[in-house]
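Some notes on the structure that comes next.
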Amino acid sequence: MTNKTERGLIELYNEDPERADRLVFGRISGPDRRGFLRGAGLASMGALLGTTIPFSTNMPGGLIPAALAETPREFSFDAKHGDMIVHNDRPVNVEAAAHLLDDDVTPADKHFIRNNGQMPYPIDRGEWRLTIDGEVNEPLELTYDELMNDFEHVTLKLQLECGGNGRAGFNPLPRGNPWMIGAIGNAEWTGVRVSDILRRAGLKPSAVYTGHFSYDQHLSGDPDRQSISRGGPIDKMMDPHTIVALKMNGGDIPIEHGFPARIVAPGWAGSVSQKWLTRIWVRDREHDGPGMTGLSYRVPRHPVSPGTEVAHEDMMVMGSMIVKSAITNPVAGAEVRAGQPFEVRGQAWAGDDHVTAMETSIDFGATWQAATVEPAPNRYAWQRWRAHITVPATGYYEVWARATDSRGRSQPMVVPGWNPRGYLNNACHRIYVMAG
Ligand SMILES: Nc1nc2c(c(=O)[nH]1)N[C@H]1C(S)=C(S)[C@@H](COP(=O)(O)O)O[C@H]1N2
Ligand SMILES: [Mo]
């Protein structure tokens with residue numbers, strides 16, 4: 001994977017608004033050109049888009065129009081996987097453009113890839129072992145064949161989302177990949193329940209947490225440094241949906257997704273789901289490997305204002321991801337016909353919970369219409385939602401989508417809860433359409 005992506009426009013606006021204006025508008029016409037971002041430049045925006053904006057009076061000030069903010073194809077170089085967006089190739093970090101998430105089961109080539117270290121060399125499945133040790137009565141060393149033959153298997157569609165999905169929306173932009181919406185996938189995973197493996201080893205009463213280990217080397221090449229080693233509380237690991245996956249979508253797990261075996265702990269930050277798994281260390285305290293301490297995969301215990309430096313002791317490990325949805329059809333920028341209904345659809349998910357309602361808006365959130373949302377085929381799978389939308393007249397529209405979960409929590413319209421590393425942005429996804 002050699003192609004790089006131009007920085008996302010949101011990121012660019014956060015870091016260097018004048019350069020962003022130059023890129024978008026060609027040149028800066030006056031000192032207050034940035035006024036565009038404060039909602040004052042609607043006339044010039046209409047001119048830029050080549051059309052009118054029927055609901056422009058509802059448009060919140062400071063909002064970067066979706067046409068400019070969310071069109072990776074116009075602002076990125078061609079990625080190797082079609083419309084996949086390559087943030088980095090060392091380590092490999094690739095996300096899907098929203099319309100690639102339209103499949104109910106995400107194919108491997110549309111599933112985001114998040115590596116922290118070097119991709120391991122092809123691993124010999126015959127040599128591979130999984131060690132279970134620590135706070136167990138009987139440590140285990142399992143072969144691939146034993147996992148294939150001596151345990152019950154489950155096949156589940158499971159959402160796996162990077163904790164930093166949506167990071168690009170935070171201002172100031174925290175360090176890390178500027179994921180937009182596509183660091184999420186819902187593949188079909190087959191494997192052995194972690195709970196069955198831990199029961200076979202026999203948990204001691206002191207067992208409270210797991211620590212996960214793997215083959216991938218640290219980027220520095222130092223063999224003594226792990227690239228990442230996270231884990232989860234015993235309750236999450238004993239949940240029957242948390243598995244050691246041996247297959248992805250019915251075949252061997254592709255190397256970039258963790259061949260020959262990985263954890264899938266659905267609904268939690270993807271980093272709990274160790275790829276190229278070699279060991280589960282059962283611990284008598286919260287794990288403290290790379291990715292567990294400091295600011296990594298941790299959020300402030302109490303809300304902080306954007307840009308705050310938060311002391312490490314005021315941070316806590318993230319648990320479940322939160323309610324979110326993506327518009328996967330139409331593709332951003334699609335042409336539709338005024339007065340004629342068109343189908344809008346997508347996926348919705350809510351970490352440990354499920355989605356109970358979906359709504360869409362075409363007037364910048366002034367009014368909302370109910371959409372249908374299907375039940376998940378199994379717990380922790382994402383849910384398909386659909387709506388039929390008609391725009392009243394020609395012009396530029398944004399379609400906004402909002403999910404509500406089983407505990408009554410909805411997606412916010414503005415970016416929520418700034419935190420030092422930019423986790424858990426579940427602001428509404430929006431796309432633009434042009435009505436002719
Ligand atoms: N061994 C290992 N496991 C890992 C990672 C990694 O860098 N090394 N990245 C984690 C992170 S941060 C995420 S979001 C998921 C991504 O899984 P995917 O690449 O299959 O989408 O893998 C997790 N498991
Ligand atoms: Mo991640």
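Ligands are counted one by one from 1 in listed order, and the atoms in each one are counted from 1 as well.
- With sequence neighbours excluded, the residues forming a side chain to side chain contact (heavy atoms under 4.5 Å, CB included) with Asp104 are Gln347, Arg384, listed by chain and number.
- Atom CD of Gln226 sits about 9.0 Å away from atom CG of Asp216, to the nearest 0.5 Å.
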Give every pair formed by an N or O atom of ligand 1 and a protein N or O atom closer than 3.5 Å, one pair per line with both atom names and the distance to 0.1 Å, or write none.
{"unit_1": "ligand 1", "atom_1": "1 (N)", "unit_2": "Ser214", "atom_2": "OG", "d": "2.9"}
{"unit_1": "ligand 1", "atom_1": "1 (N)", "unit_2": "Asp216", "atom_2": "OD1", "d": "2.9"}
{"unit_1": "ligand 1", "atom_1": "1 (N)", "unit_2": "Asp216", "atom_2": "OD2", "d": "3.2"}
{"unit_1": "ligand 1", "atom_1": "1 (N)", "unit_2": "Gln274", "atom_2": "NE2", "d": "3.4"}
{"unit_1": "ligand 1", "atom_1": "1 (N)", "unit_2": "Lys275", "atom_2": "O", "d": "3.0"}
{"unit_1": "ligand 1", "atom_1": "3 (N)", "unit_2": "Lys275", "atom_2": "N", "d": "2.8"}
{"unit_1": "ligand 1", "atom_1": "7 (O)", "unit_2": "Asn116", "atom_2": "N", "d": "2.7"}
{"unit_1": "ligand 1", "atom_1": "7 (O)", "unit_2": "Asn116", "atom_2": "ND2", "d": "2.8"}
{"unit_1": "ligand 1", "atom_1": "8 (N)", "unit_2": "Asp216", "atom_2": "OD2", "d": "2.7"}
{"unit_1": "ligand 1", "atom_1": "9 (N)", "unit_2": "Arg114", "atom_2": "O", "d": "3.1"}
{"unit_1": "ligand 1", "atom_1": "9 (N)", "unit_2": "Asn116", "atom_2": "ND2", "d": "3.2"}
{"unit_1": "ligand 1", "atom_1": "17 (O)", "unit_2": "Arg262", "atom_2": "NH2", "d": "3.1"}
{"unit_1": "ligand 1", "atom_1": "19 (O)", "unit_2": "Arg114", "atom_2": "N", "d": "2.9"}
{"unit_1": "ligand 1", "atom_1": "19 (O)", "unit_2": "Lys275", "atom_2": "NZ", "d": "2.6"}
{"unit_1": "ligand 1", "atom_1": "20 (O)", "unit_2": "His257", "atom_2": "ND1", "d": "2.8"}
{"unit_1": "ligand 1", "atom_1": "20 (O)", "unit_2": "Arg262", "atom_2": "NH1", "d": "2.7"}
{"unit_1": "ligand 1", "atom_1": "21 (O)", "unit_2": "His111", "atom_2": "ND1", "d": "3.3"}
{"unit_1": "ligand 1", "atom_1": "21 (O)", "unit_2": "Phe112", "atom_2": "O", "d": "2.7"}
{"unit_1": "ligand 1", "atom_1": "22 (O)", "unit_2": "Arg262", "atom_2": "NH2", "d": "3.4"}
{"unit_1": "ligand 1", "atom_1": "24 (N)", "unit_2": "Ser273", "atom_2": "O", "d": "3.0"}

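- With Tyr144 as the aromatic partner, Arg125 meets the cation-pi criteria of under 6.0 angstrom to the ring centre and within 45 degrees of the ring axis.
- Geometrically, Arg345 does not engage Trp385 in a cation-pi contact, judged by NZ or CZ lying under 6.0 Å from the ring centre and within 45° of the ring axis.
- Note: Tyr397 and Tyr432 fail the aromatic proximity criterion, with ring centroids not under 6.0 Å apart.
- Looking at Asp284 and Lys204, no side-chain N of the basic residue comes within less than 4.0 Å of a carboxylate O on the acidic one, giving no salt bridge.
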